[in-house]
Amino acid sequence: MRRFLLTLLLALAATALGSALPALAAPKKAAPTPVITKVAPMRIGVGGKLTISGRNFKAKRSANTIIFRAPGGRSAFAKPRRASSTRLVVMVPGAVRRLLSGSAGSPRPTRFKLRVLAGKFSKYTARRLSPVVTAGGAGGPGGPGGGPGSTPSCDSSPDHDGDLLSNSFELQIKTDPCLRDTDLDGVEDGYEFQSALDLNHYPSVLPLPYPGRRPYPNPLDPGDGNTDYDDDGLWLSEEYGLWIRYAADGVPRVGRPQTLSGLLYSDGLQKSIDPAPSAAPLGSLARWALDIDNDGVLWDDERDADADGLGNWDEQHGRFTEQWWPSTFDGNGLPKESKYPDLDFLDNEDLPGLDAAADPDMDGDGVRDGADDHDHDGLSNSFEVHRPGDYLTDAFGPPAPGLNIWAYVNPFNPCKPVRSERCHRSVPFGYYDSDQAPPVGNPAPAGFPGSGVPPTPDN
C-alpha cells in the first residue's frame with residue numbers, strides 16, 4: 001500500500017511539473033549577425049544610391065543603420081530607403097562629404113568601409129567591398145559629377161591628377177582623370193599603362209597599341225598589384241615602388257617622375273634598361289652577391305635599386321628572405337636544413353611596407369644592408385647571401401673536410417658557415433633529427449672575425 005501511494009504521489013508531481021514548464025519563458029534566440037556580401041556600385045558620389053546585399057538584415061527599414069567609416073576612423077550614418085532581410089538601398093549621406101580626403105575646396109575620392117547595424121553589428125567591409133566615394137554625382141557613365149566625357153572638377157591642367165596621362169586620354173581608356181590610382185591598388189595609372197605597353201611587344205620591337213584588358217598591367221584591376229606580369233620575380237607593385245622612389249639605381253628621386261618614357265623598372269620588361277648594366281668584375285663580392293646567373297650583366301631582378309649590396313629579387317623574395325633557405329634546402333633535391341631555432345631574423349616580411357629592395361638600411365643602424373650582418377656571426381649579408389653549388393664537399397669533404405669552410409653560408413644562421421660566438425650552445429631536443437646536412441659548420445679559425453676571411457665564399 002505504501003509503495004502504491006508513493007508511486008501515485010510521484011506521478012502527480014511529474015504531471016504538475018510538466019504543466020508548469022511551458023509557463024517558463026524560453027530563452028530568446030540570439031539575433032543573427034548581419035553579413036555584407038556585395039556592394040554596388042563600387043564607385044559612387046555623395047547623394048548616389050548604394051545597394052548593399054547580404055543576409056540577416058532587418059526587413060523593417062528603420063531597424064537598420066549603415067555606417068560609412070573614413071580611413072581616419074571618423075564615421076557618418078544613414079538609414080536605408082528600402083530594406084529586406086537580404087538587401088538594403090541607401091543614399092550616400094551629405095555628411096560623408098566632410099569625411100573625404102583632401103581639403104574642403106578640393107576633396108579627393110576616398111574609400112569607405114561599410115558596416116550594418118541590424119540588431120547586431122556586422123563586420124566592417126574588406127577592401128573589395130568598400131566603395132570609393134567622390135564629392136559629387138552618382139558615379140554614372142561620365143564619372144563623378146558630370147555627363148559622359150566631362151571632367152568638370154578635374155580640369156585645372158591637361159593632366160589634373162599628375163599620373164602622366166592626359167585627362168582626355170584617361171577618359172578614352174576609362175581611368176579617372178581626377179585620381180592618380182583609379183583602381184586604388186597602390187600603383188598609379190600612368191605606370192600601369194606604360195608597363196602594359198612594354199609587355200605588349202617583344203623587347204626591341206616597336207610596341208603595339210595599349211592593351212586595355214587583362215592579363216596586362218591594368219589600371220582598372222584593383223587586384224593585380226601582387227602580379228608579376230613580366231616574370232622577373234618582382235611584383236607589379238614592387239617594380240612601381242622602385243620606379244617612384246629612385247631616379248636611377250642608388251639615386252633617390254627628388255620630386256615626382258616627369259615622364260613615362262624609359263621606366264627605370266617596368267613590369268612589362270625583364271630588362272628595363274637595355275642593354276642591361278654590366279656586373280662588377282669576377283672575383284669581387286659585388287659580382288658574387290648580385291649576378292645570380294653569372295653572365296656578366298644585371299637584369300631587373302639582379303639589379304640593386306637601393307645600392308645596399310643586395311639584389312632586388314633577393315631582398316623581396318629570394319636569398320635574403322629567411323624562409324627561402326629552409327624552403328630551398330628542404331630534402332627535395334638538396335639536403336634538408338632546418339631554420340635556425342627560436343629567432344626571427346630581420347627580412348622583408350618584417351617591414352611595414354614590404355619594400356626591402358627600396359630600403360638600403362632595414363634595421364636603421366646606419367649600415368647598408370649588404371655590409372650589415374643580420375645574424376651577427378661576423379660575416380656580411382652580401383658575403384652570405386650566395387652559397388656555392390659545391391658547398392658540402394668544399395666544407396666537409398670528401399676527400400678532406402675543411403677545404404673551404406666558408407662555402408656553407410647562410411645569412412640567417414650564426415652557426416653557418418662556421419661556428420661563431422653567436423651559435424647556439426644548446427638546441428631543443430630532437431630539433432635537427434630530420435636534417436640531412438650538418439646543423440653547425442666547422443670551427444671558426446683563429447683570429448675570426450677580423451682576419452682570414454676570403455673575398456667571397458667561393459674560395
Side-chain angles (χ1 to χ4, degrees), residues 233 278-299 301-302 304 309-315 317-340 345 347 370-371 373-375 377-420 422-424 431-459:
S278 297
L282 277 171
S284 66
L285 183 58
R287 174 70 170 265
W288 179 255
L290 297 179
D291 191 4
I292 296 173
D293 55 11
N294 199 30
D295 65 352
V297 294
L298 302 178
W299 291 34
D301 58 332
E302 301 169 307
D304 180 13
L310 297 169
N312 297 323
W313 174 78
D314 275 331
E315 292 201 83
H317 305 285
R319 300 172 301 179
F320 200 62
T321 61
E322 189 173 10
Q323 189 55 43
W324 184 88
W325 292 83
S327 296
T328 301
F329 299 92
D330 61 355
N332 296 314
L334 292 170
K336 182 180 186 306
E337 299 176 36
S338 294
K339 175 185 177 296
Y340 189 79
F345 294 99
D347 65 359
D373 177 14
H374 282 194
D375 61 0
D377 64 355
L379 297 166
S380 74
N381 296 326
S382 289
F383 185 90
E384 293 199 81
V385 76
H386 182 180
R387 180 184 282 186
D390 53 357
Y391 64 96
L392 279 179
T393 54
D394 267 15
F396 303 106
L403 292 177
N404 176 15
I405 61 174
W406 309 105
Y408 198 34
V409 291
N410 182 331
F412 303 106
N413 192 324
C415 298
K416 300 174 183 180
V418 296
R419 190 182 296 114
S420 76
R422 294 298 178 88
C423 179
H424 47 54
Y431 183 79
Y432 290 117
D433 284 356
S434 62
D435 278 26
Q436 299 166 332
V440 177
N442 287 284
F448 176 82
S451 63
V453 180
T456 75
D458 194 30
N459 187 20

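For reference, positions follow the sequence shown, starting with 1.
In plain terms, the two heavy atoms of Leu290 and Gly311 that are nearest each other are CD2-N, 3.2 Å. Of all the heavy atoms in Asp377 and Glu384, the pair that sits closest is OD2-OE2, 2.8 Å. Taking both residues in full, the closest heavy atoms of Leu285 and Ser380 are given as CD2-OG, 4.2 Å, listed atom of the first, atom of the second, then distance. The two atoms that bring Pro457 and Pro388 nearest to each other are O-CG, 3.8 Å, heavy atoms only.
Checked against side chain to side chain donor-acceptor pair (under 3.5 Å), His424 has the following partners two or more places apart in sequence or in another chain: Tyr432. With sequence neighbours excluded, the residues that form a ring-ring contact (aromatic ring centres under 6.0 Å, His included) with Trp406 are Phe448. Asp295 meets the side chain to side chain donor-acceptor pair (under 3.5 Å) test with no other residue; sequence neighbours excluded. Evaluation of the side chain to side chain donor-acceptor pair (under 3.5 Å) rule for Ser278 yields no partner, not counting sequence neighbours. Taking Asp435 as the reference, Lys336 meet the salt bridge (charged side-chain N to carboxylate O under 4.0 Å, His left out) condition, with sequence neighbours excluded. Qualifying side-chain contact (heavy atoms from CB on, under 4.5 Å) partners for Ala286, counting only residues two or more places apart in sequence or in other chains: Ala280, Ser284. Under the salt bridge (charged side-chain N to carboxylate O under 4.0 Å, His left out) criterion, Asp314 pairs with Arg319, not counting sequence neighbours. Partners of Arg287 by side chain to side chain donor-acceptor pair (under 3.5 Å), not counting sequence neighbours, listed by chain and number: Asp291, Asn294. When the side-chain contact (heavy atoms from CB on, under 4.5 Å) test is applied to Pro335, the partners found at least two apart in sequence or on another chain are Tyr391, Leu392, Gln436, Ala437.
Among residue pairs with one or both ends in residues 320-334, those qualifying as salt bridge (Lys or Arg N to Asp or Glu O under 4.0 Å) are Glu322-Lys339; sequence neighbours excluded.
The closest donor-acceptor contact from the side chain of Ser382 to the backbone of Gly309 lies under 3.5 Å. Listed for the Thr328 side chain is no donor-acceptor partner under 3.5 Å among the backbone atoms of Trp325.
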Scan the side chains in residues 439-446 for donor-acceptor partners under 3.5 Å anywhere in the protein, sequence neighbours excluded, and list what turns up.
unit_1	atom_1	unit_2	atom_2	d
Asn442	ND2	Ala395	O	2.9

Donor-acceptor contacts, no H, no angles, side chain residues 410-418, under 3.5 Å, sequence neighbours left out:
unit_1	atom_1	unit_2	atom_2	d
Asn410	OD1	Phe412	N	2.8
Asn413	OD1	Cys415	N	2.9
Lys416	NZ	Glu337	OE1	2.7

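Residues Trp324 and Phe329 have side chains in contact (heavy-atom distance under 4.5 Å, counting atoms from C-beta outward). Contact of the Tyr408 side chain with the Arg387 side chain is registered, since non-hydrogen atoms from C-beta on lie closer than 4.5 Å. Taking the side chain as every heavy atom from C-beta outward, Gln323 and Asp347 never approach each other to under 4.5 Å.
Here Asp390 contributes atom CG and Asp458 contributes atom CG; the two are 6.5 Å apart, rounded to the nearest 0.5 Å. For the atom pair CD1 (Ile292) and CH2 (Trp313), the distance works out to 5.5 Å, reported to the nearest 0.5 Å. Within the model, atoms CZ of Phe396 and CG of Asn404 stand 11.0 Å from one another, a figure rounded to the nearest 0.5 Å. A distance of 4.5 Å separates CD in Glu315 from CG in Leu310, rounded to the nearest 0.5 Å. Atom CG of Asp301 is separated from atom CG of Asp293 by 8.0 Å, given to the nearest 0.5 angstrom. To the nearest 0.5 angstrom, Leu334 atom CG is 12.0 Å from Ser327 atom OG.
Partner of His374 under the ring-ring contact (aromatic ring centres under 6.0 Å, His included) criterion, out of Phe383, Tyr340, Phe320: Phe320 alone.
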